[in-house]
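So that the names make sense, note that chain A is the first sequence line, chain B the second, and so on, each numbered from 1. Quantities reported herein were computed from a predicted structural model and do not represent experimental measurements.
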Amino acid sequence: MSDNDQKSVSRRKFLSVLGTTSAGAAVLSGCSTEKVEKLIPYLVQSEDQVPGVATWYASTCTECSAGCGLHVRTREGRAVKLEGNPEHPVNAGRLCAMGQAGLQGLYNPGRIKGPMQKSGGSWRQISWDDAIALLGQQVGAAGAGLAVLSGAPRGSLTGFLADFTAAAGGRLVRWEPFDQTALRLASKRIFGRDEVPTHDFAKAKYIVSFGADFLDTWGPTVENQRQFAESHGFSRDGGMAKHVYFAPRASLTGLNADEWHGIKPGSETALALAMAGVLLGERGIAAPAGAPSVSVEQAAEATGLKAEDISRFAKEFAAAQPSLAVAGGIGSQHAGAVELCAAVHLLNYAAGNLGETVRFGGDLDRGDGQAAFTALQQAMEAGQVKVLLVHEANPVYGTPKAGKFAEALAKVPFKVSTSLYVDETSSQCDLILPGLHALERWDDANPRAGVWGLMQPVMEPVYPNRNSGDVLLAASQKAGGVFAKFAAPSWEAYLKDRWAAMAKARGRDAATFWREALAKGGVYEPEAAVPVKAVVAGAVATEAPAIEGTGDFTLVPYASSLLYDGRGTNKPWLLETPDPVTKITWHAWVELHPDAAAKLDVKEGEILKVTSAHGSIEAPAYIYPGLRPDVVAIPMGFGHTEYGEYAKDRGPNYLDLLGPATGEFVAYLGTKVTVERLREYRKVAKTEGNPRQLGRGIAEAMPVAYAAKGLTVKEAATAAGHPPHEINTEAEVKALEGWREGQVGREDGEGRRLGNYAGEHPLWGMTIDLGKCTGCSACSTACYAENNIPWVGEDQVLRGRELSWIRIERYWEGGTDGEPVEARFVPMPCQHCDNAPCEPVCPVYAAYHTPDGLNGQVYNRCVGTRYCANNCPYKVRYFNWHAYARKAFVAPFELQLNPDVVVRARGVMEKCTFCVHRIRGAQHTAKVTGAPIKDGELTTACAQACPSGAIVFGDLNDPQSRVRQIAQDPRGYHILEDINVRPAITYLAKVVHREPAHAAPGGGEQH
Amino acid sequence: MAVAVEAAPSQPTQTHADVTRDVVATLAPATKGYYLLLFGAVGLFLIGAITLLLIVKEGLGLAGYQPPVFWSVFITTFVFWVGIGHAGTLISAILYLFRSPWRTAVYRATEAMTVFAVMTAALFPIIHIGRQWIFYWLLPYPNQRYLWPNFKSPLMWDVFAIGTYFTVSTSFLIFGLIPDVAAVRDKATGWRKTVYSLLSLNWQGTDNQWRHYSKAYLYLAALAAPLVLSVHSVVSWDFASSLIPGWHGTIFAPYFVAGAIYSGVGMVFTLLIPLRKYLKLEHMITDYHFDNMAKLTLFTGTILFYAYGMEYFVAWYSGNTFEQTTFFRRAFGPAWWAGWSMIIPNAFLSQLLWFRKIRTNLTSLFVISIFINIGMWFERYVIIQSLTNDYIPYAWDQMNPTWADWGILAGSFGWFGMWFLLFAKNFPVVAIQEIKEFIPMPRKRAGGHH
Amino acid sequence: MAKNTAGVLASFEHIDAACDTIRALRAKGHKHLTVYYSHPNHELEEACGHHTSPVRLFTLIGGLTGVTAAFAMQIWMNRDWPLLVGGKPIVAIPAFVVIGFELTVLIGSLATLFGVFLLSVAMRNKGVIYDGRYSDDRIGVFVPAGGAEAASVERMLRDAGAVEVKHAAA
Amino acid sequence: MRKSALLVGGAVATGLAAAVLSGFTGTTTQQGPSAPAAPNAPPAYTIAAGDSANLKGPKQPIFFRHDIHAGQYQITCQYCHYSVAYSSEPGIPSMQTCMGCHLIVAGSDSANQKEITKLRDAWNAKQPVEWERVHYVARHVHFPHQRHVKGMGPNACATCHGDVARMPQVWEVNNVNNMGWCINCHLERKVNRDCTACHY
C-alpha cells in the first residue's frame, strides 16, 4: 500500500480499467466466446497489483457495530471478495452473511453518483466545490444550531464529529438502533459501570439466554457464534455446554438451544431473580443490598413454567462452572428491559461468572441511547436545530412512525446527508454529499477497548464521491471561524495524526506503527479487565411490564440476522438468502403459531391485517411452531419506501405498529395487536419444501451420553430403541467395501491417461459438523460472492429456481402433541459422490469425475438436458432457466464478479464445485513454486466463512489432513448412505442434551 | 398375439378392379371439411412454432418447470408420441410376420401414423434441452475438440433408438407404398401421373421385381418387429436407469411397451373411425378389423392394469420408504387428480372392451379411444411427476404447467395432424396390393388353387 | 433409353391360365419371360420358378456391419478420451448393447433397401412394353420373340386364353 | 495417427450429418502445433508505419515492432510481459515500461520516430494506448501462462504465439482459441487432459 493515496488511486483507476476489459475478468458473456477487442495497459505499473493475481488488503467491516476485521481480495483493482481477518480478535478470520454482502453495498446500483441539492422539491446535481461551499456557509451560520446524527461506528470520525459540533456549541448524537442500552443501564445500576460488558461464550459450560439473540443480532454475533461453537459444539474430551433459551419466540439462537421455553413476555425478570435466589441459597452467598428476591413459585406463576423446572435450571446453572446468563435482545426488549438485564447481572453475580464469562472494561461500541435521540428530536421540533447533518443513519425509516421523527426533520431549515444511497432520510434532506464506502476510504473503527481497526481504500471509488471526513474538513475551511482549526489537508492526514498520537501514547514510532497496523488491519490489545462488585443502586422491579393496547396477540418484532435493522435490504444477496429460521426470501411475513393459525383458520400465505393502537400492516402469514400461541412475530428490515429498487415493495414496516419511543430505548416488545384475515393470498417465497425428514436420516442427532461413549449413529439409534431400517443386504455391503479399491484401480489405469495434477491425486473431501452448524447461512452468502451466483428474484424463487449452491436445510423434529419443537440444520452442497448418479446420465460428459475426486461440471459443454439434476438424490444441481446472470449483474454489480469463475449462461446446469478454481489456482502455484499444497492452505469459500468452523475441507488421501481425521469421527455419517453413491462429504451427527429414550435419531416419525 | 386367426371375411363382391378403383377414389380432390381440418392443424402447429421461438429466445423458464421437477410436459409429450408410434409398427410388422389377416386393411394408415408420430416425438429432445442450438453435440461426429458423446447415457441410447426407429419405419412405409403408388400412377392423369410415376420409381410389378420385393418386405418386417419392443424399452430406461423413486423400476420396459401399444391402438381408433367414414372405406375397414384391434387394446390395457397394480405392490412390499412415499402421494398427494386421470381410463376403462357390443360399436370405441389418449398422456406425466418428491424432503416442490407447455403440446398435435391429413389425401391409406392378395383371382377351371 | 425389345405381350384375366401358359412357354425354351402382376402371388412365382432372392444377403451383411461398427465405435470413442462417470468402467459393454442393437437394425434395413433397389429397380429390364392394367387386375406375360416366331407365340398365347395380345417392334 | 482415427470415427459415427455439422463447429484441418512462422520478416528494419496496414495481423494504434525489440535488440519477452512467469496473465507492459527506454531512444529513422512520438504524446496526456488484441481464448477457458512457462521453459511463448521476434506486426499464427489446438499439444506431451484443468 503506497503512502501517497492520490497516486495509488490513480493507478488503481487504470487497474480497474484493465480489470474490466481484459485479464480474464469474468464478464457476462458467460459461455459465449465473444472477443475482447482492446488491451489497455497500466499507465504506471503498480507494485502491488499483478493481473491475474489476487491482492489482499486488510480492512474493517462496518456493516454492524461489531467491527470485524476484513481481508479484502482484489483483482485488477476491484474488490471481489470479503473474508475475515484471522488476526482480528473479534471475528478471528470468520465473517457473517451481512459482512459477505458488504460488497453489494459497494457496487450497489442505488449509489448516488454525485452531490445533489434539493431545489423546489426536486434534486439537481451540483459540483463538489459548490456543495462544500454551501455546506461550509450553512455550518458557519448555524452556530449552536448545528447538530450531527451519526450511525457510524466509534472511531476517529466520531471523535472528529464530537470536536466539530462542540466547536460550534452544537450537539452530536450517536444513534445505533440495536445498541444494548438496557444492558448498559443495568450495568450502571448493578455494578456502577456505564458500559456494555463483553461475554465469553467459549468458557461457559451452561448458557441461559433471556431473549438475548446472540447468534442473530445481539452483540458481536460472529464472535458469539465462534465461541458458542467452541463450548456448545461436542468434543469427546471437552463435553458440550448446555444452552437454555427463554423468550416468546424461538429465534435462530432459540433454535440452537437445547431447551427453548416460550415464557410469558416480560416474565423473564422474575425467572432470572428466582434462579439467582436459588443460586445464592445454594452457594450461601448473601444477596447484594437492595437486590429484590422472587420465589420459585412466584416465578413459576409469572412465567408459566413448572416450579421444579425452574429449580432444575437454577441447579444445573449453579453446577456448571463457569456459566453464563445473557439478556437484552431486541426480541425481548420490553419496557422492563433494564430490570431484566439487572436481574441477569445479579444471576451472573450469584453464579460467580463476573470476570469469568462476563467481563467489564471491554466497553463495546454503543450509541448515546434513545434519550439523546429524543432530546435531539425535541430540539428539532422546537426549531433549535438550524443545520442537521445525518451521517450513516436512517432514522426516518428506523424509528416508529408514531414517533414523528419525519415531521421533526421537516422543521430543520437545512438538512445534510452523507448517505451513499437515497434512503428515507436522505431523500428528506436539502443536500446530499454522498460519502465513500468503507472499502473506498481511509477510516478506522474502535468497536471495543483495545481494538482499533483500520480501513484503507482498496480500490478507486466506484463513483467519484468523497470521504465525508474530507468533505467536513474542507467545509470547515470554507466556514472558517470556530471551524478554522480543523486545518488538516485531508482526512487521511487527519487520521494519520490521530494514529501518530496513538503511537506516541504507546511509545512507538508513528511510521512503523502505521505500517504494521495497515498490514494487520489494525491494533489489537488485550482489554483491561475491570473487576466489579454488585452495588445495587435503584430498585429492580420484578413484575412484568404492561403491554400497551388491546388485542388477542402480543406483537414480537424481531431482527433478522440478514437484514438487521433494515440496512441489509438493498443487497440482493441478503434478500435471496433465505431467512435462517423461516426460509423465506424477498418479502415480509407474519408469524403465527400453528394453534393460533388453526383457531383463526389461517393458511400459509393468507394476507393478515395486524392492527395496533398506532397503525396496521398487511403481510402474508407463515405458520411457525417456535412461537407462543398468544404472540405474532414480524421480521424487521422490510417496508422501505426508498433505499433503492431492491429494498422497495418488500412488505410492511413493523415500526408502523409501535408507539413513540419513550425513555432510554425503544420497547420493541410491548404492543398488543389484533389479527384479521383479509381472505387474500400471497404465496410466501420460501425455499423449504417439506420441513419434516420423514425418518430418512438426513439430519442425524444423538444424545450427548451416547456421543461421549463414541457410538456411531447407527449404534446410537439401536441403543435408543430405533434400530435403523437396513436396506442393503450383506452381499451389497460387501460389494460396497470392495468398491473403493476398484475405483482407485481404475483411476491409476485410465486416470493416468487423463493426466495428473501436482503430485499424487488428492481426493478432495469435506466434513460438516451438525453439532456446530447454527444455520446462520454465512456459508451460502459466501458461496454467492465467491462463485458469481446470480440472484433470481422473488417470482423465480416461488418457482423454486434459486441457485444457492449450498443451501441450509432446516428440518423440524417433534413440535407435535406438546413435545418441544427441535430444529436441525443441514448445509447441503454438492456431495461430490465417487459414484455420482449425475455423471453417467449426461450424454455429453458435461458432468464427469475428475481424477482428484471432484464431480466436475463443464458449463460450456452442457447442452441442458437436465437429466443430471433429476438423477441427483441430493437435489443440489441448479439450472439457468433464464439468463439470470445477465439480469442480475447490472452495472456496477458486474465489477464484483470473480474473474476466476465463469459466469454461467442461460440453459446450462451449475452446482457447487468445491471451489475448483481455488484448487486449480493452488495447484498452479504449487507447480510453479515446486512446494506441494499443505493441508489447510486451501479451503472453500463456505468453509472459510463459517463462523462456527463447522465446515472443514481438505484432501482425504492425506492421512494427516484434518478433514481425514474428522471424517473418521464416530459421529460421522453420509446422507442417504443406502443408495451407495459414496458422497465425499461426511456429516457429524448433531449432539443433543436429551434423555437417550427421547432422542429419536434420524427423525422419529414416518410420513 | 391374441388375435383371431379365422380367415378374413373378404368381400366376395369385390374384385381386384374394385379395390383399385375404391382406393384411388380416396385421392379425389378434397372437400371443404378437409381443408378446414388441415388449416386447423397448421394453425396449431404455428402456435407451437411461435412458442418454441419464444423459448429459444427467453429460455426454458417460460415453461412451468419447478425444481426438483426438471422434466415435465415436454418429455411427457415426447414419450406420448413415441408410444403412439408403436401400434403402427406392431400391426404392420409383427402381425405381418404372424400372417394375421386383419392387418391388411388398416396397416397402411397405422404405419403412416407411426412415421408421423415418431417425426413429432423426434422434435422434443431438441425442444426440451436448455441450449437447443447445439443439440447436434449429442451426435458422435468428429470435431476439432476430439470430444465424443457419452454412450453410457440413456439419453444417447434414446438418440439412436429414435433415430433408428424413424428411419426404419419411414422406409418400411415408403417401401410398402411403391407398388400402390404405381397402381395409382396407372390410373392417374396429367401432372399427377408424372409425380406418381417419379414416386413409383418406375415400378411395374414384374415377376423379378416382386420376388425381391416380397422377400425384402419380409426381412424389413423382421427387422422392424423387434423395434416395437426395443424403442419403448429404451425410452423407459431413460427413467428406469435413474435412481428416482417411481422411476427406478425393473418392470418399466414391458410396462412401457404395453402402454405404448395401448396408446397407439387408441390413437388408431381416433384416426381411423372418422377417416373410414370420410374416405368411404366401410367395406374395406370393417367391424371385424375394429373388433380385433379392440381385443389388442383390451390385452395391452390389461397388462397396464397389472403393471399399475404391481408398481403399488412392489412399493409396499419393498418396505422402501422412498418408494412408498412416492406412490402414496401419486394417488393421494397434491397431484392426486393427475394420478387418477392415469389410472381410471387406462386400467378400468379398457376393461369395458370385454363386451363384444362395445368392441363393435364405433361410437363407444371412439369415445374410449379419446380417454385412452388422455389417460396415456397423463400416465407419462404422472411418472415424471415422481420428481416432485424424491429423496430430500426439503427440496420437494410441486409444479404447474404454463402456457408455454400447452403451446408446445398443441403444436405437436398440429404438426402430427398436418402430416397425417396430407398423407391421407395424397397416398393410398389402404394397401391395394395386400388387399388383393386376399382376394382370389378369377380362374377358368373351377376349384380353388392347389 | 434402351431400345425396345421385340416381342409379344399377352394379358390374362385368369390366373390359372396365366400360370399354365408361363410353364408351357418355359418348357418350350422361352427363358426370358417378363410377367406382370399387381400383387405378390405364390402361384405365379412358382410358375416363373425363380430361385430365392439374393436380397437376404444384403440384410445379413448389413446387420453384421451394424453390430460390429456399433461396438467398435463405442469402445474406440470411450478409450479415445476416457472419462470416469459414476464409477463405471471406461469400456462398459452392457451399456453399449443398446446402440449395438439399434445399429444392427438400422444398417441391416438400409442395406436391404439398397439390395432391392439394386436388384429390382436399377437392374430392371428396360424397353419391355407395359400396360397400366397390370397394376390393377390383369396379368401380363411378355415373350421376347421376333418375326415369324412372334406369330407362333401369339397363336399359342391366344389358345391359352390371353384376352389381349400386343406385338412390340424392335 | 489422430487424423486416421478421426476418419474411422467419422465414418463409423454418422456419416452425412456429421460431415455437415462438423463444418459448423469449425473442424480444423490443423493437426498439432504448426512450426514457428515462416521466416518472412523483411531483412532490413525499414518498414514505414504506412505499410503496417499491408502487413499481416491487426493494425495497432502505434506500429510497435516486435521484430525490432525482440528480434534486433534481443529483448526477452518477460522484460515487457512481466507477469507471465507467476500469473495466469502475461501482463501488458505499462506505458512507464515503454518510456523507460523511449525517454532516451527516439528511433533510428523518421518512420520509427513518428511512432515513438505517438507514444510520448500518449504518456504526456496520461492516456494509455489501446492495443488491438491479437490472441484471446474464450471466457470459459482458463489458460494459466505461468504453468506453461514453467513447464516448457522461457521459450515456450513461440509454441503458441509463433516466432514473434520476426514479426514486424504480430499476427495470430495459431488459432489458440481452438480446443483441438490445445489438446494436440497436451496429447503430444502426455499431460493433463482433464476438463476442469481449463474449464471451471
**Item:** Distance, nearest 0.5 Å, that separates OH of A:Tyr987 from CD of A:Glu977
**Value:** 13.0 Å
**Asked** In terms of heavy-atom pairs under 4.5 Å, which option from A:Leu798, A:Asn871, A:Val844 contacts chain B the most?
**Response** A:Asn871
**Request:** Pick whichever of B:Ile134, B:Leu243, B:Leu138 has the most heavy-atom pairs under 4.5 Å with chain A.
**Result:** B:Leu243
**Message:** Among A:Cys862, A:Ala883, A:Pro691, which residue has the highest count of heavy-atom pairs closer than 4.5 Å to chain B?
**Reply:** A:Cys862
**Prompt:** Which of the residues B:Asp397, B:Thr388, B:Asn389, B:Asp238 is involved in the greatest number of heavy-atom pairs with chain A at under 4.5 angstrom?
**Reply:** B:Asp238
**Message:** So that I can tick it off, tell me whether A:Glu822 and A:Lys990 are bridged by a salt bridge, with the cut-off set at under 4.0 angstrom between side-chain N and carboxylate O.
**Reply:** yes
**Item:** Distance-only polar pair, side chains of B:Thr77 and B:Tyr381, donor-acceptor under 3.5 Å
**Value:** no
**Request:** Give, as side chain, backbone, both or neither, the part of A:Pro837 having an atom under 4.5 angstrom from any heavy atom of chain B.
**Result:** side chain
**Request:** Could you look at A:Tyr811 and say if it's the side chain, the backbone, both or neither that has a heavy atom under 4.5 Å from chain B?
**Result:** side chain
**Prompt:** Between A:Glu794, A:Glu576, A:Glu802, which is the residue that forms a side-chain hydrogen bond (donor to acceptor under 3.5 Å, both in side chains) with A:Trp586?
**Reply:** A:Glu576
**Asked** Most heavy-atom pairs under 4.5 angstrom with chain B, which of A:Asn690, A:Val826, A:Leu976?
**Response** A:Asn690
**Asked** Non-hydrogen atoms of chain A under 4.5 Å away: do they reach the side chain of B:Trp157, the backbone, both or neither?
**Response** neither
**Message:** Out of A:Glu839, A:His882, A:Gln796, A:Glu688, return the one with the most heavy atom pairs under 4.5 angstrom to chain B.
**Reply:** A:His882
**Message:** Taking side chain as everything from C-beta outward and backbone as N, CA, C, O, which of these in B:Phe74 sits under 4.5 Å from a heavy atom of chain A? Side chain, backbone, both or neither.
**Reply:** neither
**Request:** Would you mind checking which part of B:Thr402 comes under 4.5 Å of any heavy atom in chain A, side chain (CB onward), backbone (N, CA, C, O), both or neither?
**Result:** side chain
**Prompt:** Of A:Glu910, A:Arg906, A:Arg904, which meets side-chain hydrogen bond (donor to acceptor under 3.5 Å, both in side chains) against A:Asn880?
**Reply:** A:Glu910
**Complete:** When the 4.5 angstrom heavy-atom criterion is applied to B:Ile55 and chain A, the contacting part is backbone
**Message:** Keeping A:Arg866 on the side-chain end and A:Gly864 on the backbone end, is there a donor-acceptor pair under 3.5 Å?
**Reply:** yes
**A:Arg807, A:Arg801, A:Lys911 screened by side-chain hydrogen bond (donor to acceptor under 3.5 Å, both in side chains) with A:Tyr878, the one that passes** = A:Arg807
**Contacting moiety of B:Ile75, where chain A heavy atoms sit under 4.5 Å** = neither
**Asked** So, B:Trp237 side chain and B:Ala253 main chain: donor-acceptor pair closer than 3.5 Å or not?
**Response** no
**Request:** Would you kindly say whether B:Trp377 and B:Thr76 are connected by a side-chain donor-acceptor distance under 3.5 Å?
**Result:** no
